[in-house]
Protein chains: 2
Amino acid sequence: MESTPSRLATKASWLVSQTAVHVRRLIGDEFAAAGSRGYHYRVLAALQEFGPASQAELGRRCRMDRSDVVQAVTELERQSFVERSADPADRRRNIVTITGAGRQQLRRLDRTLDTVQDELLAPLSTAERQTLVALLAKVVKHHGDTPTS
Amino acid sequence: MESTPSRLATKASWLVSQTAVHVRRLIGDEFAAAGSRGYHYRVLAALQEFGPASQAELGRRCRMDRSDVVQAVTELERQSFVERSADPADRRRNIVTITGAGRQQLRRLDRTLDTVQDELLAPLSTAERQTLVALLAKVVKHHGDTPTS
DNA sequence: CCATTTCGTTGGTGACACCAACGATATGAC
DNA sequence: GTCATATCGTTGGTGTCACCAACGAAATGG
């Protein structure tokens with residue numbers, strides 16, 4: 001097997017990107033089989049944990065663009081996993097609510113996601129997994145607090 | 001600031017993906033300013049480290065699809081960063097060679113990439129950075145040895 | 001010699017992230 | 001109150017990366 005350039009193999013940016021590729025592969029297949037994708041899971045998770053929310057709030061919580069929330073919610077609505085209703089208190093807003101079927105789908109996605117974590121972190125010990133998660137959390141938090149815009 | 005669902009924030013897959021998003025943001029801007037993108041860097045790096053190569057070999061080294069190599073090499077050729085020539089020993093192959101200008105571009109991208117590593121890993125100590133790189137390398141290596149196909 | 005494989009190429013697809021602009025609505029300053 | 005400003009949902013784009021199918025040309029192995 002041809003080896004990859006050391007310039008790449010030793011850089012954190014490359015390793016992160018390639019790991020993310022694997023994440024997408026693992027999740028993509030499983031989610032597609034369930035008729036969902038990453039964006040759908042994010043929205044369902046946010047609704048489950050924080051209750052009904054406007055699309056703008058969902059976007060901020062899930063790190064999604066407003067326009068992508070529109071599409072995700074539309075697709076989830078078509079699958080009867082969420083409901084969209086006008087906010088009487090603020091007529092600009094929609095209130096998005098998760099349904100029973102949505103909760104069920106979320107549980108299903110949660111299960112597959114748990115096995116994905118195991119596959120992804122297979123070569124690491126329990127301690128190493130915790131270390132990796134902690135370090136990545138630190139990086140993500142830092143960039144969340146120090147936004148680009 | 002609205003917080004993200006704990007389902008997401010605690011999962012390695014989410015943290016990896018979000019970190020990769022930051023990597024793309026950091027690299028994307030800088031590379032675009034230099035008229036390049038990730039694929040271009042990969043090809044230039046492989047050519048620099050291993051010398052002239054066929055497109056198929058570049059694809060295997062850089063984890064790129066054959067068709068994506070075609071486009072990247074075409075664009076690099078248009079910028080005079082590489083040259084494409086037929087392989088006399090195997091008329092199916094092209095031999096791709098990096099040019100002087102290509103080496104210069106690679107050095108430029110290398111520099112910006114170094115500063116990107118610093119920005120990305122800013123919240124981590126030197127020891128933590130090494131740990132993170134080692135853990136990710138283990139994950140990437142594992143999935144490289146255990147290919148999907 | 002023929003089946004199989006490899007190579008470059010074309011022309012798609014999908015996921016994710018993002019941007020600009022719009023009308024409708026809410027809010028804050030004055 | 002009025003008016004500038006900001007927010008919300010929506011539409012309709014764009015770019016990057018990853019990937020797939022199919023093709024002709026060429027090499028290879030049995």
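No hydrogens, no waters, no symmetry mates; every other heavy atom, side chains included, goes into these values.
- When heavy atoms are screened at a 4.0 angstrom cut-off, A/Q18 is found touching the sugar-phosphate backbone but no base atom.
- Distance B/Y41 OH to D/dT16 C1': 18 Å, rounded to the nearest Å.
- Taking atom NE2 of residue B/H40 and atom P of nucleotide D/dA18, one finds them 13 Å apart after rounding to whole Å.
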Return all side-chain donor-acceptor pairs below 3.5 angstrom for residues 115-122 of chain B, not counting sequence neighbours, or 'none' if the list is empty.
residue, atom, partner, partner atom, Å
B/T115, OG1, B/T112, O, 2.8
B/Q117, OE1, A/A12, N, 3.2
B/Q117, OE1, A/S13, N, 3.1
B/Q117, NE2, A/S13, OG, 2.7
B/Q117, NE2, B/L113, O, 3.3
B/D118, OD1, B/R129, NH1, 3.2

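- Summarising the local packing, CD of B/E77 is surrounded by more than 12 heavy atoms from other residues, nucleotides or ligands at distances under 6.0 Å.
- Within the 4.0 angstrom heavy-atom criterion, no nucleotide atom of any strand lies near B/G28.
- The stretch residues 11-20 of chain B participates, sequence neighbours left out, in these salt bridge (charged side-chain N to carboxylate O under 4.0 Å, His left out) pairs: A/D110-B/K11.
- When heavy atoms are screened at a 4.0 angstrom cut-off, A/D65 is found touching base atoms of the nucleic acid.
- Other residues, nucleotides and ligands contribute more than 12 heavy atoms inside 6.0 Å of the CD atom of A/E75.
- Computed from coordinates, the A/L26 CG to D/dA18 P distance equals 15 Å when rounded to whole Å.
- Atom CZ in B/R84 sits roughly 15 Å away from atom P in C/dC7 (whole-Å rounding).
- Protein atom CD of B/E57 is 18 Å distant from nucleotide atom C1' of C/dT5, rounded to whole Å.
- Closest to the side chain of A/S67, from the set C/dG8, C/dC16, D/dT11, is D/dT11.
- Contact between A/P123 and A/E128 at its shortest, heavy atoms only, is O-OE1, 4.2 Å.
- When distances are taken from the side chain of A/A56 to each of C/dT9, D/dC8, C/dA15, the shortest belongs to D/dC8.
- Within the 4.0 Å cut-off from OP1 or OP2 of D/dT7, not a single side-chain nitrogen or oxygen of A/R60 is found.
- If you check every strand for non-hydrogen atoms under 4.0 Å, A/S17 touches nothing.
- With values rounded to the nearest 0.5 angstrom, A/E49 atom CD is found 8.0 Å from B/T4 atom OG1.
- With rounding to the nearest 0.5 angstrom, the CZ atom of A/R60 is 4.0 Å from the CD atom of B/E2.
- Within 4.0 Å of B/V21, counting heavy atoms only, lie sugar-phosphate atoms of the nucleic acid but no base atom.
- The CD1-P distance, from A/I95 to D/dC8, rounds to 13 Å in whole Å.
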Report each atom pair, protein N/O against N/O of nucleotides 22-30 of chain D, whose distance is under 3.5 angstrom.
residue, atom, partner, partner atom, Å
D/dA27, OP1, B/R91, N, 2.9

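- Computed from coordinates, the B/I27 CD1 to D/dG15 C1' distance equals 15 Å when rounded to whole Å.
- Between B/Q71 and C/dT9 there is no side-chain polar atom (N or O) within less than 4.0 angstrom of OP1 or OP2.
- Atom CG of A/D68 and atom C1' of D/dC8 are 15 Å apart (whole Å).
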